[in-house]
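Below is one structure, written out as structure tokens, with a few remarks after it.
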There are 2 protein chains.
Amino acid sequence: MITNKNCIIRLSRYKNSLHRLKTLGFVKVFSDNLADAVGVTSEQVRKDFSLFGITGNKRGGYTVDALTEKLNTILGKDRVQNVIVVGLGNIGTALTKYRGFEKECIKITAAFEADAAKCSRKTAVPILPVEEMPEYIRKNSIKIGIIAVPDVAAQQTADIMIGAGIRGILNFAPISLRCSEDVVINNVNLELELESVIYFVNTMPVTESTASK
Amino acid sequence: MITNKNCIIRLSRYKNSLHRLKTLGFVKVFSDNLADAVGVTSEQVRKDFSLFGITGNKRGGYTVDALTEKLNTILGKDRVQNVIVVGLGNIGTALTKYRGFEKECIKITAAFEADAAKCSRKTAVPILPVEEMPEYIRKNSIKIGIIAVPDVAAQQTADIMIGAGIRGILNFAPISLRCSEDVVINNVNLELELESVIYFVNTMPVTESTASK
DNA sequence: CTTTTCTTGTGATTATTTTCACATTAACAG
DNA sequence: CTGTTAATGTGAAAATAATCACAAGAAAAG
Ligand SMILES: NC(=O)c1ccc[n+]([C@@H]2O[C@H](COP(=O)([O-])OP(=O)(O)OC[C@H]3O[C@@H](n4cnc5c(N)ncnc54)[C@H](O)[C@@H]3O)[C@@H](O)[C@H]2O)c1
Ligand SMILES: NC(=O)c1ccc[n+]([C@@H]2O[C@H](COP(=O)([O-])OP(=O)(O)OC[C@H]3O[C@@H](n4cnc5c(N)ncnc54)[C@H](O)[C@@H]3O)[C@@H](O)[C@H]2O)c1
């Protein structure tokens, strides 16, 4: 089984690039084209494909449509993936309003809030009281959830979600969630991402091209 | 020079954990404590410290205050880091409103928008016309910027930012930005992060503890 | 039909990151 | 003061990931 997250992320990027290449009129692509589009080497592209048994034509490259379909199947984009959001603050709202998920077969079916004043069943994505979450997860067999609650509430929220059947979590709270091995947790810590940029900028040697600016 | 991003992210995590441990009354910590808090091994903690010349006491561990200070210095948290945001839509607004950056010495000093209707010099963080951005960057020696504009505008925005002196970018647009080697780009692609969770959930074998749910 | 050209697919190699294993030493107990 | 214990610090080893190098085969050219 492939456990390399970077590899999966690259597959997603290839898929996105393919989409752009198709709109440019490409019918076939070479590993070079994808490599350039994504910013990796062509060997990396072929190696990634090789891991998933994706084959092309010697000298003929890959058919855009066939490749797209294979990638979509691998990435679960052949069917709609239902996702819930917990915590309708700044981040939760941004995600819920974002229209870009639809075309990726990701559907935010409901949001859950502790603050009753923010709840409403009339919005495009219903905002429900967090107490209803476990039942909702069970009834709708939801497997993926996004945590956008304050850090102090995050672990408890995760426990409830997992208890109800959630198997994968995208977590925006700046803490390391603890859970059993069979649940996937992907932590997106924006402060850390920014801090890492800051570190590298402060550390990087000043070169000719940046010195005078 | 350390180029391992994961290592820098771990340093940030250690720093955050230290803060929590201190509020719990810890004066000294062992590599074990930090390892547990962050979810890595204690060897990893010591190895990371070793790379930066951080030393503790045999049998005595590390003094919380001294360690915090060293980490803060390495991570550039000994002084305020000024950052700008470009694109005041869903994500840009969420980041600009977020109060958690302050305590991390990260200050969003201004936001820039193409839509004049969204601009205002009276908000807590001024929202300025994007035309003013290059001048602002130069005048205030801004080195770090966040891109939260639609994908089609992202590369152009990056070019303008870099041209004016920006050295590091946190990019939320779902495209691979191209730039010279001496600029740090950290791409946060939320769709990809979610897709990777979806992939692993769909792929992971169903175990005893998850089967019945 | 034969040769040349171009691109895939992958084993081998190299590089990077993590883990192991243990020498070292400070603190403590007796 | 001496032995024991519990931690650090770091080379060596292992695991993981990326790159290299090239055989193989399809398409195009001659
Ligand atoms: N906004 C950002 O730019 C940003 C940046 C970095 C990290 N984060 C992190 O992301 C998370 C969300 O940030 P935010 O700015 O959206 O916060 P926020 O305070 O705006 O929103 C949190 C929301 O969660 C709700 N909530 C609280 N407890 C809950 C519970 N138990 N169940 C359901 N809902 C609950 C609150 O009512 C609120 O609406 C936080 O952990 C924050 O640290 C946010
Ligand atoms: N919101 C999300 O949850 C989410 C999720 C995944 C990816 N993204 C990506 O993040 C980026 C921002 O997303 P969003 O939802 O905030 O979009 P949005 O459309 O809400 O906001 C974009 C903002 O940028 C402004 N803008 C456009 N061109 C500009 C320019 N050249 N200079 C300055 N400002 C400009 C627009 O006026 C708008 O206010 C997009 O690239 C999107 O694909 C967002």
Side-chain angles (χ1 to χ4, degrees), chain A residues 1-14 17-18 21 26-68 70-71 74 176 181 192 196 199-200 203, chain B residues 1-14 17-18 21 26-68 70-71 74 176 181 192 196 199-200 203:
Chain A
M1 206 192 91
I2 283 83
T3 55
N4 184 342
K5 188 188 151 191
N6 290 336
C7 176
I8 303 301
I9 296 277
R10 283 195 300 268
L11 288 192
S12 282
R13 289 195 203 277
Y14 302 148
S17 297
L18 269 181
L21 289 168
F26 281 66
V27 175
K28 306 209 155 204
V29 287
F30 301 130
S31 53
D32 275 30
N33 305 138
L34 290 169
D36 286 351
V38 168
V40 298
T41 66
S42 62
E43 294 92 337
Q44 179 87 78
V45 175
R46 296 200 299 277
K47 193 73 157 186
D48 287 339
F49 287 177
S50 161
L51 287 172
F52 289 92
I54 295 176
T55 59
N57 276 52
K58 297 246 158 100
R59 189 158 174 156
Y62 308 83
T63 313
V64 171
D65 288 339
L67 184 53
T68 301
K70 275 179 191 159
L71 290 175
I74 291 167
S176 303
E181 285 291 298
L192 266 46
S196 115
Y199 170 81
F200 286 111
T203 309
Chain B
M1 207 193 90
I2 283 83
T3 55
N4 183 342
K5 189 189 151 189
N6 290 336
C7 176
I8 303 301
I9 296 276
R10 283 196 300 269
L11 288 193
S12 282
R13 289 195 204 276
Y14 301 147
S17 297
L18 269 182
L21 289 168
F26 281 67
V27 175
K28 307 210 154 205
V29 288
F30 302 129
S31 54
D32 275 28
N33 304 138
L34 289 170
D36 286 351
V38 167
V40 298
T41 65
S42 62
E43 294 91 337
Q44 180 87 79
V45 175
R46 296 200 299 277
K47 194 73 160 183
D48 287 340
F49 287 177
S50 160
L51 287 171
F52 289 91
I54 295 176
T55 58
N57 276 51
K58 297 247 158 96
R59 186 153 178 162
Y62 307 83
T63 313
V64 172
D65 287 339
L67 184 54
T68 301
K70 276 179 189 159
L71 290 174
I74 291 166
S176 303
E181 285 291 298
L192 266 45
S196 116
Y199 170 81
F200 285 111
T203 309

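Owing to the predicted nature of the structure, the values given are computational and were not obtained by experimental measurement. Letters go in sequence order (proteins before strands), and every chain restarts at 1.
Following rounding to the nearest Å, B:Asp32 (CG) and D:dA6 (P) show an atom-to-atom distance of 12 Å. The nearest whole Å value for the distance from the CG atom in B:Asn6 to the P atom in C:dT19 is 12 Å. B:Leu51 has its CG atom 15 Å from the C1' atom of D:dT8, to the nearest Å. Rounded to a whole Å, the NZ atom of B:Lys5 is 13 Å from the P atom of C:dT17.
The backbone N or O of A:Arg46 lies less than 3.5 Å from no partner atom in the side chain of A:Ser50, so there is not a single donor-acceptor pair. A donor-acceptor contact shorter than 3.5 Å links the side chain of A:Asn4 to the backbone of A:Asn6.
Contact annotation: B:Tyr62 does not reach the phosphate of C:dA26 (side-chain N/O to OP1 or OP2, under 4.0 Å). The phosphate of C:dT8 (OP1 or OP2) has a side-chain N or O of A:Arg46 nearer than 4.0 angstrom. The side chain of B:Gln44 places no N or O atom within less than 4.0 Å of a non-bridging phosphate oxygen (OP1 or OP2) of C:dT17. B:Arg10 has a side-chain polar atom (N or O) that falls below the 4.0 Å cut-off from OP1 or OP2 of C:dT18. One finds no side-chain N or O of A:Ser50 lying less than 4.0 angstrom from the OP1 or OP2 phosphate oxygen of C:dG9.
A:Gly56 comes within 4.0 angstrom of sugar-phosphate atoms only, judged by non-hydrogen atoms across all strands, and of no base. Using a 4.0 Å heavy-atom criterion, one finds that A:Ser42 contacts no nucleic acid atom at all. Contact annotation for B:Asn4: backbone-only contact, meaning every heavy-atom pair under 4.0 Å involves sugar-phosphate atoms and none involves a base. Across all strands shown, A:Gly61 has heavy atoms under 4.0 Å from sugar-phosphate atoms exclusively, and none from any base.
Between the base of C:dA27 and the side chain of B:Arg59 there is a donor-acceptor pair shorter than 3.5 Å.
In this structure, the side chains of A:Phe30 and A:Ser42 stay at 4.5 Å or more apart for every pair of heavy atoms. The side-chain heavy atoms of B:Phe49 and B:Thr55, taken from C-beta on, include no pair separated by under 4.5 Å.
Sequence order on DNA chain C of the closest nucleotides to B:Glu43 and A:Phe30 puts A:Phe30 first from the 5' end.
Here the side chain of B:Thr55 is nearest to one of C:dA27, D:dT19, D:dG9, namely D:dG9. Distances were taken from every side-chain heavy atom of A:Lys47 (C-beta onward) to each of C:dA12, D:dA26, D:dT8; the shortest belongs to C:dA12.
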